[in-house]
Amino acid sequence: MDKKQIRKYITIIQYHILMLLGVHCSVSGGLDKAFDEAKHLGIDTFQIFTRNQRQWKAKPISTDESLVFKAAFKSSKVKIAFAHASYLINLASDNDDLWKRSTEAMIAEVERCHSLDLAYAIVHPGAAKGLDENIAIEKVALAIRRVIKATPGNNAKIVVENTAGQGTTLGYDFQQLAKIIELAGSERVAACFDTCHAFAAGYDISHQKGFEETFSQWDKTIGLEKLAAIHLNDSKTPLGSRVDRHAHIGNGNIGKEAFRLTLKTFPDIPKVLETPKEENMDEKNLEVLRSLI
Ligand SMILES: [Zn+2]
Ligand SMILES: [Zn+2]
């Protein structure tokens, strides 16, 4: 075998060993294009935006789109795929119109997940702005209850993500996510752990002791059984900075050890990169992650 063949062979082996490791895939040119990218990268999970995430307006998924996507899903090696909801959504908003609009948009997100066999829609809890944080958390939970009620017979989950706590954003403290999940009171609500957000919020996962303490905290508040997805991002900003800036794996303030521990501890949880899409950085970041196992 020449070098090229050996490398190809190693990639194939890694592909079969590495479980549930992927990236946020692009859907330019069609939602099903995500499967081409997944194949190219040799990944078995991914996250997508199911709509233009910078606009409120979003067409529902057409029957054709749904069929094409599901067929591509079936013939792919992807085991689980999920959506990230639009960043415009603020389920904590103190503005009634914006809150209603956000709730409606979240219902549509969950409906699109259902049409595409996506397991869940990940959403940031939102920003409290002028509201007291506890009241804002109740608003988020109320919105989620409405979404659940409006989508019966839909198995797609609503997954709330931890945040860096920039500005007045909620969800920087695991207890806040736990409270939202508790108040939402449905099996269809779970949580996503973002490594960069956790670190920026002050959870020091960069070494083993801190990593263990962080997940012990998660377990005591949210519960490990509620961990549905992990976002793998290094952090450009220091511990506790409350500023959300994603860095390439090993190039930030978190460092590789946290990612080694994450991969080792959570083989069964889908883990995706949300690092800047520069040149072939997804390939490079995946290579770094695979080398850690
Ligand atoms: Zn994230
Ligand atoms: Zn982020």
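Because the structure is predicted, anything quoted here is derived from the model rather than measured.
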Donor-acceptor contact present, side-chain Asp194 to main-chain Asn162, <3.5 Å: no
How close do Ala83 and Thr50 get, heavy atom to heavy atom, and via which atoms? CB-CG2, 3.8 Å
Would Glu104 and Arg101 pass as an ion pair if we require N to O under 4.0 Å? no
So CG of Asp32 and OG of Ser76: to nearest 0.5 Å the spacing works out to 11.0 Å
Distance check, rounded to the nearest 0.5 Å: Leu88 atom CG versus Gln53 atom CD? 7.0 Å
Table please: side-chain donor-acceptor pairs of residues 57-69 below 3.5 Å, with sequence neighbours left out.
{"unit_1": "Ser62", "atom_1": "OG", "unit_2": "Glu65", "atom_2": "N", "d": "3.1"}
{"unit_1": "Glu65", "atom_1": "OE1", "unit_2": "Ser62", "atom_2": "N", "d": "3.2"}
{"unit_1": "Ser66", "atom_1": "OG", "unit_2": "Ser115", "atom_2": "O", "d": "2.9"}

Minimum-distance pair of heavy atoms, taken over all atoms of Phe199 and Ser235: CD2-CB, 3.9 Å
Correct closest heavy-atom pair for Ala128 and Ala136 would be CB-CB, 3.6 Å
Ring centroid separation Tyr203 to Phe174 under 6.0 Å: yes
Would you say Arg242's side chain and Gly165's backbone share a donor-acceptor pair under 3.5 angstrom? yes
Results of salt bridge (Lys or Arg N to Asp or Glu O under 4.0 Å) for Arg51 - residues two or more places apart only: Glu109
If you measure from CG on Leu118 to CG on Leu31, what distance do you get to the nearest 0.5 Å? 8.5 Å
Within this structure, what is the CG-CG distance for the pair Leu21 and Leu273, rounded to the nearest 0.5 Å? 6.5 Å
Within the distance-only criterion (no hydrogens, no angle test), does the side chain of Thr45 pair as donor or acceptor with the backbone N or O of Leu20 below 3.5 angstrom? no
Mind checking whether Leu292 and Phe215 sit in one hydrophobic cluster, side chains of I, L, V, M, F, W, Y counted as touching below 4.5 Å? yes
Partner of His24 by ring-ring contact (aromatic ring centres under 6.0 Å, His included), out of Phe46, Phe49, Phe82: Phe49
Applying side chain to side chain contact (heavy atoms under 4.5 Å, CB included), run through Asp36 and His40 and close with a yes or a no. CA-CA 6 Å; Asp36 296 343; His40 170 75; over 6 Å; no
Gln175 atom CD: more than 12 heavy-atom contacts under 6.0 Å: no
Are more than 12 heavy atoms, taken from residues, nucleotides or ligands other than Lys179, located less than 6.0 Å from that residue's NZ atom? no
Ala156 backbone acceptor or donor facing Arg188 side chain under 3.5 Å: yes
For Asp244, run the side chain to side chain donor-acceptor pair (under 3.5 Å) check against His197, His124, Gln166 and tell me which one passes. His197
More than 12 heavy atoms of other residues, nucleotides or ligands under 6.0 Å from CD of Glu187: is that the case? no
Any donor-acceptor N/O pair, Asp44 side chain to Val78 backbone, under 3.5 Å: no
Report yes or no: do Glu213 and Gln217 form a side-chain donor-acceptor pair below 3.5 Å? no
Check for a donor-acceptor pair, side chain of Asn285 on one end and backbone N or O of Thr275 on the other, with a separation under 3.5 Å. no
How long is the straight-line distance from CG of Asn233 back to CD1 of Ile254, given to the nearest 0.5 Å? 8.0 Å
What distance do Ile43 atom CD1 and Glu37 atom CD have between them, rounded to the nearest 0.5 Å? 6.5 Å
When clusters are formed by joining ILVMFWY residues with side-chain heavy atoms under 4.5 Å apart, either directly or through shared neighbours, do Leu131 and Val140 land in the same one? no
Please report the closest heavy-atom contact between Val159 and Cys192, naming both atoms and the distance. CG1-N, 3.4 Å
Is it true that atom NZ of Lys70 has more than 12 heavy atoms of other residues, nucleotides or ligands lying nearer than 6.0 Å? yes
Give a yes or no on whether the backbone of Leu98 and the side-chain of Asn95 come within a donor-acceptor separation of less than 3.5 Å. yes
What verdict does the salt bridge (charged side-chain N to carboxylate O under 4.0 Å, His left out) test give for Arg260 and Glu257, after you've listed the backbone C-alpha separation in whole Å, the side-chain angles of each residue and the deciding distance to 0.1 Å? CA-CA 5 Å; Arg260 188 188 68 80; Glu257 176 63 2; 2.8 Å; yes
Is the backbone N or O of Val189 less than 3.5 Å from a side-chain atom of Lys226, with the two atoms forming a donor-acceptor pair by type? yes
Minimum side-chain heavy-atom gap His231-Val272 below 4.5 Å: yes
Heavy atoms of other groups near Glu279 CD, more than 12 under 6.0 Å: no
Residues, nucleotides or ligands: over 12 heavy atoms within 6.0 Å of Lys277 NZ: yes
Determine whether Leu116 and Phe73 make a side-chain contact, defined as any pair of heavy atoms from C-beta on separated by less than 4.5 Å. no
According to salt bridge (charged side-chain N to carboxylate O under 4.0 Å, His left out), does anything in residues 137-161 pair up with another residue at least two apart or in another chain? List the pairs. Asp96-Lys139
Determine whether Asp234 and Thr195 satisfy the following criterion, side chain to side chain contact (heavy atoms under 4.5 Å, CB included), listing intermediate values before the conclusion. CA-CA 7 Å; Asp234 209 327; Thr195 52; over 6 Å; no
Among Val123, Ile180, Leu183, Ile181, the one residue meeting side chain to side chain contact (heavy atoms under 4.5 Å, CB included) with Ile144: Ile180
Closest non-hydrogen atom pair, Ser102 against Trp56: OG-CH2, 3.7 Å
Donor-acceptor pair, Trp99 side chain versus Asn90 backbone, under 3.5 Å? no
Of all heavy-atom pairs linking Met106 and Ala121, the shortest is CE-CB, 3.8 Å
